Amino acid sequence: MRVGILTGGGDCPGLNAVVRAAVIAGTQRHGMEFVGFVDGWRGVLDGETVPLDEATVRPLLTVGGTVLGSSRTNPLKDGVEQGVARVRSQLSALGVDALLAIGGEDTLGVATALHEAGVPVVGAPKTIDDDLSATDATFGFDTAVQTAVDACDRLRTTGASHHRAMIVEVMGRHAGWIALHTGMAAGAHVTLLPEADVDLDAVGATVREVLARGEAPLVVVSEGAKVHGAEAVKNSPRDAFGHVQLGGAGDALEHEIAARVPGLSTRVTVLGHLLRGGTPSAADRILATRFGLSAIEALAAGNLGTMASLHGVDVVQVPLADATGVLRTVPDSRRAETAGLHW
Ligand code: F6P
């Protein structure tokens with residue numbers, strides 16, 4: 001079997017580890033051959049590939065980003081039938097029998113449609129946002145949170161030196177997992193998520209209380225938090241999957257805090273794509289490797305239209321369609337854990 005691998009959507013630490021595990025296990029256990037599609041679905045549409053063999057992938061475990069490149073190209077943008085036909089004809093021209101699509105809800109949504117149209121495909125979930133409903137975790141999230149926590153630890157010391165409120169904006173799009181875990185691990189005084197209304201007066205009161213104790217307030221805000229009642233959107237066009245670029249929540253919050261705490265010095269740090277870069281954590285290397293191994297076993301067993309998924313401590317295969325149905329956001333129960341506490 002000749003398998004084409006692609007990585008689509010926003011990159012994250014661990015993508016290369018999936019590719020490495022899939023190629024090594026597929027080659028050694030099942031005699032599969034591999035080819036990499038360049039820049040996600042764009043490479044499939046254009047038939048642009050790179051060779052992938054054991055020697056190519058062996059050094060990849062610790063390498064951040066994706067050596068295959070990524071894009072937010074949507075092959076179904078101009079119609080499912082047309083998109084599927086183009087994908088099918090490229091696969092057949094290249095002698096590719098099956099696809100391993102590594103991606104988030106958009107990439108896996110395309111994989112689902114291809115599967116429904118009879119294209120042999122399996123998936124592996126990735127995203128720093130950790131917002132896919134069919135898996136308990138995605139790789140990339142652990143690294144992103146650790147990077148954000150490291151940044152907060154540093155910002156806290158400079159904030160203390162200058163008696164400033166430090167506001168840290170983190171990615172996560174419509175899900176607050178990165179903000180929730182960063183806030184908890186960094187000991188933030190205020191953590192704002194997209195899932196809850198923002199009470200600006202309560203934020204101001206907490207900031208004043210922390211200052212009164214002689215400490216520098218640390219505020220973590222998710223890029224999707226609705227500081228002014230709606231997500232802060234940058235003035236940019238929608239991508240091929242209909243997403244706008246979020247940004248500005250930290251600045252909006254700074255303005256509101258300044259209005260409620262006169263004379264306070266504030267600084268905003270937008271961590272942005274820093275959270276997507278760099279070498280994966282040990283936990284992400286392991287999860288990515290297990291997903292790659294599982295996806296190959298699914299292909300070998302003919303268990304198509306499935307995605308590797310973490311259920312508790314086990315990696316299992318679930319239908320691809322389940323991955324993209326509902327966004328996994330932070331439930332009330334997780335917010336209730338810390339509600340009303342003054343850190
Ligand atoms: O989905 C991953 C993610 O990093 C989100 O957290 C963020 O909103 C978005 O991608 C940013 O996308 P881009 O790389 O297109 O700016």
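Each ligand, and each atom within it, is numbered from 1 in the order the structure gives. Just so it is clear, the model here is predicted, and its values are computed rather than measured.
- Counted by atom type alone, H30 and E297 present one or more donor-acceptor pairs between their side chains at under 3.5 Å.
- Counting only heavy atoms of the protein, atom 1 (O) of ligand 1 lies nearest to D129 OD2, 2.7 Å.
- Of all atoms in ligand 1, listed by their number and element, those nearer than 4.0 Å to a heavy atom of E223 are 5 (C), 6 (O), 7 (C), 8 (O).
- Residue contacts with ligand 1: R72 is included, with a non-hydrogen atom under 4.0 Å away.
- At a cut-off of 3.5 Å, with distance as the only test, a side-chain donor of S265 or R164 sits close to an acceptor on the other residue.
- Heavy-atom distances between L246 and ligand 1 stay at or above 4.0 Å for every pair.
- Given atom 11 (C) of ligand 1, the protein heavy atom at minimum distance is R276 NH1, 3.5 Å.
- Annotation for ligand 1: atoms under 4.0 Å from non-hydrogen atoms of H273 are 13 (P), 14 (O), 16 (O).
- M307 and V44 end up in the same hydrophobic cluster when Ile, Leu, Val, Met, Phe, Trp and Tyr side chains are linked at under 4.5 Å.
- With no hydrogens or angles considered, a side-chain donor-acceptor pair links T143 and D284 at under 3.5 Å.
- Side-chain contact annotation: Q146 with D142, donor-acceptor N/O pair under 3.5 Å absent.
- Against a heavy-atom cut-off of under 4.0 Å, G172 is close to the following atoms of ligand 1: 6 (O).
- Taking CZ of F141 as the start and NZ of K126 as the end, the distance is 14.5 Å to the nearest 0.5 Å.
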